[in-house]
Structure formats: C-alpha cells, structure tokens
Protein chains: 2
Amino acid sequence: MKPLLEDIKQELKAKNIYLSHQRLKVLECLIQNHCHPTAEELFIGLHKDMPTLSKTTVYNTLRILAESDLVRTITIEGNESRYDIVTGDHGHFKCGSCGMIFDFPIDFDSLLTKELIRFKIIEKNIYFKGLCPECISNKQKIK
Amino acid sequence: MKPLLEDIKQELKAKNIYLSHQRLKVLECLIQNHCHPTAEELFIGLHKDMPTLSKTTVYNTLRILAESDLVRTITIEGNESRYDIVTGDHGHFKCGSCGMIFDFPIDFDSLLTKELIRFKIIEKNIYFKGLCPECISNKQKIK
DNA sequence: TGTAGAATTGTAATGATTACAATTATTATA
DNA sequence: TATAATAATTGTAATCATTACAATTCTACA
C-alpha cells in the first residue's frame, strides 16, 4: 500500500523529472509521515535540516509532482491546500476539532451514476468533516 | 427540489437571522441561478442593480448563511470558494475546460464505511473533475 | 573544462478573504 | 412618535497562501 521511494524514482525517471535533493526530501516527507501536510508545514519541517530551502521550491516541487500524478492536492478548506502521496482511491476525513486528517477506504465504483455517463471523469474526491474518536471522547471528559 | 424562498424565510426567522435587502438578494441569486457562484461573481452580478453593495457584505452574508446551514461552501479549487443553496445530498462535477459546475445525485449512504464507525460525520463532500459533454464534443470538432 | 538548460532562491506581487471602525438601518421601549 | 440600543452595511486596510520573476546555483553533456 505504502508507496516505495524506489518506485517513485522509477516513475520520475520515466517522466524525465530530475530528482534533486530538495525534491527528494519533499517526497520522503510525504511518504514517511503520510500526514497530508500543507506546503507551509512541509517547509517548516524540512527547513530544520535544510536551512537553505526556499518555500518557493516547496511549492514548485509540489506543483510538478502533482502535475505528474505522483502527488495529489487535497482541497478541504478554502484557505489551505494539503498534499498526499498518491496511493489509490481513498477518502479524507478532517476532524474539525484537532484538525487531523484521516484516510478511509472508499468504493469509488459504487459512485458511478448514469447522470455523468457523457462526462469524462479525471479526478474523484471525497472528504468528510466531523469529529474524530479521540476528540469525541475528550469532549465527554470535559462534561 | 428547488428550495423556495418562502421556506428559507421561515428558517431564517426560526434562527433569528434578520433578512436584510442585501441578504435577500444574495439568497435570490443563489436560488434562481443555482450556478455555484464565487463571492466575487455574486458581488459583480448583484452590484449592477445595487451599486451601494459592498463585497464585505457578500462575504458576511455567505458566512452567516453557511453557519446556519442554509448555504453550503463548495471547495474544489484551492483559490476560490463557491456557494450553493443547500438542497440535499449531491456531488459536484467541475469541467476543467469551461469551468462550469454540474450537480449530480449521489447515494451518500453507500459510502458509509466501517472504518469511520467511531467518527462523527457532520459534512460529506464529493467532487469530480474532468470534461463536460459539451467540451468533449468541442474538442472533437477542433480535430 | 565549458556551456546550455534546468532548478533553486529570495523578494515582490497577486488575489481572495478577513478585520476593523465609521456609518446606516432596525428594533424595542418609553 | 421619539429615542436608545443593537445589528447590519460599508469602505479601507490588513492578512495570508500562493505565484511571478529575476538572479544565482546546479547538473548534464559535449
């Protein structure tokens, strides 16, 4: 399930995308943490070990990876984009209390509807909002 | 299917939300056109007949209506929010060529997954991207 | 080694949204 | 009806994520 860096390197090579140190680090962060970070969060995390890193490079890298379908841009809130290594179909659940994002499996085929039969579907996105189990039980404690 | 302004007025009254002229116009625009406009588009459309209207008022109105669940904020692209009168479950399809947004019916119940059983789901969103029939056939013509 | 082309960097610009304070409209009450 | 309190509207300024751009640095290849 988890994508291997080696596979990604192959894909990049096939697509003629040069894997610089900066791009590698962005990819590693996305693969290892799988935390759906924002560009800002990625930048802050990587900047510690890489003080010369520029935020523009983070944005550029994410754009390039997204254009080559190695990274998916997650749009849940209007004021921030998050990024996800592409791993096949899944939905996202964002907890409105702690802000954490959870993956959940989804059967996209069950969504096919005759109303869209003449449309060409390129990208499918599902996100839910609500409260995660931990935040629910925390609220109970407060009461 | 189409929400009646009268029903909305009732709901607003029940929720103690004052229906000013500006708010009424925003609502009317959302009901009649059902075009999923951005705040900017709403502002431009309404400004013609209402030169004193402020963009801030459009944003304030949309926020208030969204908070009272009369309007839904549609987040498809990271750089713009669109707004929809709430009419029950449906998904959105955005054509990447003409930019138009289409509604399509969706069976949200079929999405329920045991992985989310301990989560409290407040809001469900589905959007697809791709090409609409018209843009597909236009491309054929060009070829 | 030198050179062309690509990637990175830092800063400035953009553009949607929000904050805020002044003004205007509405409601409640005397 | 007049008045005070409250809420809504307005315009401008601020914010913040993202992008544009030009200078610098890096890489690949001759």
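Throughout, protein chains are lettered first and strands after them, A, B, ... in sequence-line order, and every chain is numbered starting at 1. None of the values given here were measured: they were computed from a predicted structure.
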Whether [X] contacts [N] is assessed here as follows: a side-chain N or O lying under 4.0 Å from the phosphate OP1 or OP2. Is that the case?
X	N	value
A:S81	D:dT18	yes
A:Q22	C:dT9	yes
B:S20	D:dA8	no

Could you tell me how far apart [X] ([atom1]) and [N] ([atom2]) are, to the nearest whole angstrom?
X	N	atom1	atom2	answer
B:I17	D:dA8	CD1	P	9 Å
A:L53	C:dG10	CG	P	9 Å
A:I64	D:dT19	CD1	P	12 Å
A:L42	D:dT18	CG	P	11 Å
A:Y59	D:dT19	OH	P	7 Å
A:N16	C:dA6	CG	P	11 Å
B:E77	D:dT19	CD	P	11 Å
B:K13	C:dT26	NZ	P	15 Å

Any side-chain donor-acceptor pair under 3.5 Å between B:T38 and B:E40?
no
Thinking salt bridges, do B:E77 and B:K129 make one under a 4.0 Å N-O criterion?
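Judged by the 4.0 Å cut-off on N to carboxylate O distance, B:E77 and B:K129 do form a salt bridge.
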Check this for me: does any side-chain nitrogen of one of B:R82 and B:E41 sit under 4.0 Å from a carboxylate oxygen of the other?
yes
Sugar-phosphate only, base, or nothing, as touched by [X] at under 4.0 Å among non-hydrogen atoms:
X	answer
A:T38	nothing
A:R63	nothing
B:T52	sugar-phosphate

How do B:R82 and A:H21 order along DNA chain C: which one's closest nucleotide is nearer the 5' end?
A:H21
Provide the closest heavy-atom pair for B:L131 versus B:S97 in the form atom of the first, atom of the second, distance.
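Nearest pair, atom of B:L131 first, then B:S97: CD2-CB, 3.7 Å.
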Tell me which nucleotide among D:dT27, D:dT9, D:dT18 gets nearest to the side chain of A:Y18.
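Side chain of A:Y18 sits closest to D:dT27.
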Given D:dC21, D:dA28, D:dT10, the nucleotide with the shortest approach to the side chain of A:T56
D:dC21
In this structure, is the centre-to-centre distance between the rings of B:F119 and A:F128 below 6.0 Å?
no
Between A:N60 and A:E40, who's closer to the 5' end of DNA chain D by nearest nucleotide?
A:E40
